[in-house]
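Before any comments, here is the structure.
Source: prediction; values computed, not measured.
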Amino acid sequence: MAVSSSFTGAKMENLLLRSVLSSSSSSMSRAVPMQLSQAWFLKRSRLAQRVSTGDAVMPVLRCDLSDSDIQRIEASSLSTLEQLKASAADRYTKEKSSVVVIGLSIHSTPVEMREKLAIPEPDWPRAIAELCGLNHIEEAAVLSTCNRMEIYVVALSQHRGVKEVTEWMSKKSGIPVADLCQHRFLLYNKDATQHLFEVSAGLDSLVLGEGQILAQVKQVVKVGQGVVGFGRNISGLFKHAITVGKRVRTETNIASGAVSVSSAAVELALMKIPESSHSSTRMLVIGAGKMGKLVIKHLAAKGCTKVVVVNRSEGRVAAIYEELEGIEIIYKPMSEIMACAAEADVIFTSTASETPLFMKENVKDLPLVGPDIGGLRLFVDIAVPRNVGSCVSEVTGARVYNVDDLKEVVAANKEDRLRKAMEAQAIISEESKQFEAWRDSLETVPTIKKLRAYAERIRVAELEKCLSKLGEDLPKKSRRAVDDLSRGIVNKLLHGPMQHLRCDEGDGRSLSETLDNMHALNRMFSLETDLSLLETKIRAKIEQIQN
């Protein structure tokens, strides 16, 4: 496999430097004369400085040693570099990085845990930066919705990467690692790719074929643009997932008649109310975002003619009112939320509040709902984190439902969409192969860059020789013409090799043939990754520590 272009990055320097310093410390203990007692050594030592190693800070000892001792230490430290080139360097540079998804979804994780893990959209860039700050993570993305919390990463090491991300999730949420491991799922490479494609197509949703998840995948790409860490592999994966989601919905019609979480919430509420009272039930919607808007739409579709909407601002509510016909929408500010709740029979909540809007003490004094409605005030909470505490169900005359309770609504619609899902899987399988071929073809990118840089160095050197012979009084126009001539010659010579380093669907060239061409060019032009720059940096750091 090709040497990873990320080898000379800061993260790899940290990994290699950690090994160098560890070996240096071991060599140092051997270099000190045996007759020197440990007590004397510790007494004569002092902390020189602390060297950052990614997520840890390592103390380094300086000792008052003779010149010959220091020379032995330096020789031992630098010889370690050669060992790393044959061991750790090979491991981290010649192995292909893995795409990994660490996820917790509605299928296996209770809402109580998912709401602690949820990351608001404005915090996604910071989460990506923190994840990419972990030692074995190169790229990252966050997909956090009411039904799932999934972290997608490109990991230098699968095992270490999963461990670091799981510990990060535990630290952010306060959930013990053991509990996360009990509910999480792990997928690697092709399985991770297929999973995201299924998610984007709506096959992994609570409501099979629902469309909102595709919009959420698009939002991941939109938020990730320009964020360091939302790199080529992860960006390409999510963009391809969007293509898959669109294609599945177009070619299989899986979304026809499919319900969303919001419509399932409306269905659930109407299932719990006597049919004869549907038209007279007083509906309250708290939150006018995407979910709240869909709730209002589905209420209108079910014949509801009046709904009260509580929201922080009136603008969104007014826009919904302009868009919908046949339903009266009454806006109320958040300050009147409890007064509105007292007059409602069914309350839908879908706000981004990180703290509950309703607890037991808020609800216990609300007037009872009439027997014609069923005698129960229904709280249908489709927000994550939840807007309604589970303790509200302890209040006489109140009942709380959350997103996990929607399963009974969608079960009846599942059989028909499962047939369409089988058609979708064929599309996903085809698209997965195309994405894997694209990702494999990225191996040739470093070779393309090196070959161009090699040719450019020769061009510039020969151009300077030519211009020096022509003299300093050569007109600028003539200089430009000579420069253009040299560039044209190089581009034409490189055209053939470059074409054979690209794996395009239209030219019929297989991936294996492209990789063979890459290795051949690496050998012919000696383009293998040069470790001298990294060695120089590590030597400098070792010298800085020892001085």
Side-chain angles (χ1 to χ4, degrees), residues 110-112 114-116 118 146 261-262 264-289 291-293 295-296 298-299 302 304-314 316-317 320 327-406 408-409:
V111 67
E112 292 84 0
R114 297 200 312 275
E115 66 185 3
K116 292 179 182 177
C146 60
V261 171
S262 298
V266 172
E267 291 282 353
L268 176 65
L270 295 179
M271 285 171 56
K272 305 300 180 182
I273 300 171
E275 188 173 351
S276 59
S277 301
H278 283 186
S279 59
S280 59
T281 301
R282 298 171 296 175
M283 301 289 185
L284 172 63
V285 177
I286 300 176
M291 301 283 276
K293 179 180 178 180
V295 167
I296 299 169
H298 290 296
L299 286 173
K302 292 294 181 179
C304 178
T305 58
K306 180 179 178 180
V307 61
V308 177
V309 180
V310 172
N311 196 52
R312 284 187 172 82
S313 62
E314 188 175 1
R316 284 188 174 181
V317 180
I320 297 172
I327 183 170
E328 181 184 359
I329 300 176
I330 302 172
Y331 164 75
K332 295 291 183 179
M334 290 296 291
S335 59
E336 298 183 26
I337 185 171
M338 296 312 301
C340 292
E343 298 178 359
D345 302 316
V346 179
I347 301 171
F348 297 92
T349 61
S350 62
T351 77
S353 173
E354 296 185 11
T355 57
L357 302 177
F358 294 98
M359 297 296 285
K360 185 176 180 179
E361 57 269 22
N362 306 125
V363 177
K364 61 184 178 63
D365 294 327
L366 295 180
L368 297 177
V369 171
D372 56 321
I373 304 298
L376 291 173
R377 176 175 283 104
L378 306 182
F379 290 84
V380 185
D381 184 9
I382 55 176
V384 175
R386 289 172 294 175
N387 292 160
V388 183
S390 56
C391 58
V392 170
S393 285
E394 300 172 9
V395 177
T396 302
R399 184 68 53 82
V400 179
Y401 299 96
N402 58 48
V403 289
D404 287 2
D405 298 311
L406 302 181
E408 62 176 292
V409 179

Per-pair distances, 0.1 Å, donor-acceptor, side chain in residues 352-360, under 3.5 Å, sequence neighbours excluded:
from   : atom 1 : to     : atom 2 : distance (Å)
Ser353 : OG     : Thr355 : N      : 3.3
Ser353 : OG     : Thr355 : O      : 2.6
Lys360 : NZ     : Glu394 : OE1    : 3.2

*Scan residues 270-279 for pairs that pass salt bridge (charged side-chain N to carboxylate O under 4.0 Å, His left out), counting only residues two or more places apart or in two chains.*
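Of all non-adjacent pairs touching residues 270-279, those that pass salt bridge (charged side-chain N to carboxylate O under 4.0 Å, His left out) are Lys272-Glu408.
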_Any Met283 side-chain heavy atom under 4.5 Å of Val285 side chain_ =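 The answer is no; the side chains never approach within 4.5 Å.
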*Would you indicate whether the side-chain heavy atoms of Met334 and Val310 approach each other to under 4.5 Å?*
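Heavy-atom side-chain distance check passes, below 4.5 Å.
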*Which pairs with one or both residues in residues 338-357 pass ring pair (Phe, Tyr, Trp, His ring centres under 6.0 Å), sequence neighbours excluded?*
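For residues 338-357, and leaving out neighbouring residues, there are no ring pair (Phe, Tyr, Trp, His ring centres under 6.0 Å) pairs at all.
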[X] versus [Y], closest heavy-atom pair with distance:
X	Y	answer
Ala398	Val363	CB-CG1, 4.2 Å
Ile273	Val346	CD1-CG2, 3.4 Å
Ile296	Ile329	CG2-CD1, 4.0 Å
Lys332	Cys340	CG-SG, 3.6 Å

*Give a yes or no answer on whether the side chain of Asp381 reaches the backbone of Asn387 with a donor-acceptor pair at less than 3.5 Å.*
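Between the backbone of Asn387 and the side chain of Asp381 there is a qualifying donor-acceptor contact (under 3.5 Å).
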*Measure from the side-chain N and O atoms of His298 to the backbone N and O of Ser262, and report whether any donor-acceptor pair falls under 3.5 Å.*
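Such a contact is absent between His298 side chain and Ser262 backbone.
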My understanding is that only residues two or more places apart in sequence, or in another chain, count here; which of them pass side chain to side chain donor-acceptor pair (under 3.5 Å) with [X]?
X	result
Lys306	none
Thr281	none
Asn402	none
Arg282	Asp345

*Residues two or more places apart in sequence or in another chain: which of them pass side chain to side chain contact (heavy atoms under 4.5 Å, CB included) with Ser350?*
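Partners of Ser350 by the side chain to side chain contact (heavy atoms under 4.5 Å, CB included) criterion, ordered by chain and then number, come out as Met291, Ile382.
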Which residues share a salt bridge (Lys or Arg N to Asp or Glu O under 4.0 Å) with [X], sequence neighbours left out:
X	value
Lys364	none
Asp404	Arg114
Glu112	Arg386

*asked:* Please report the interatomic distance OH(Tyr401) to OG(Ser393), rounded to the nearest 0.5 Å.
replied: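 It is 8.0 Å, given to the nearest 0.5 Å.
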*asked:* Using 0.5 Å steps for rounding, measure from the CG atom of Leu284 to the CD1 atom of Ile337.
replied: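 These two atoms lie 7.5 Å from each other.
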Pairs under 3.5 angstrom only: tabulate donor-acceptor contacts from the side chains of residues 372-380 to other protein residues two or more places apart or in another chain.
from   : atom 1 : to     : atom 2 : distance (Å)
Arg377 : NE     : Ala341 : O      : 3.3
Arg377 : NE     : Ala344 : O      : 2.9
Arg377 : NH1    : Pro367 : O      : 2.9
Arg377 : NH2    : Ala342 : O      : 3.3
Arg377 : NH2    : Pro367 : O      : 2.8

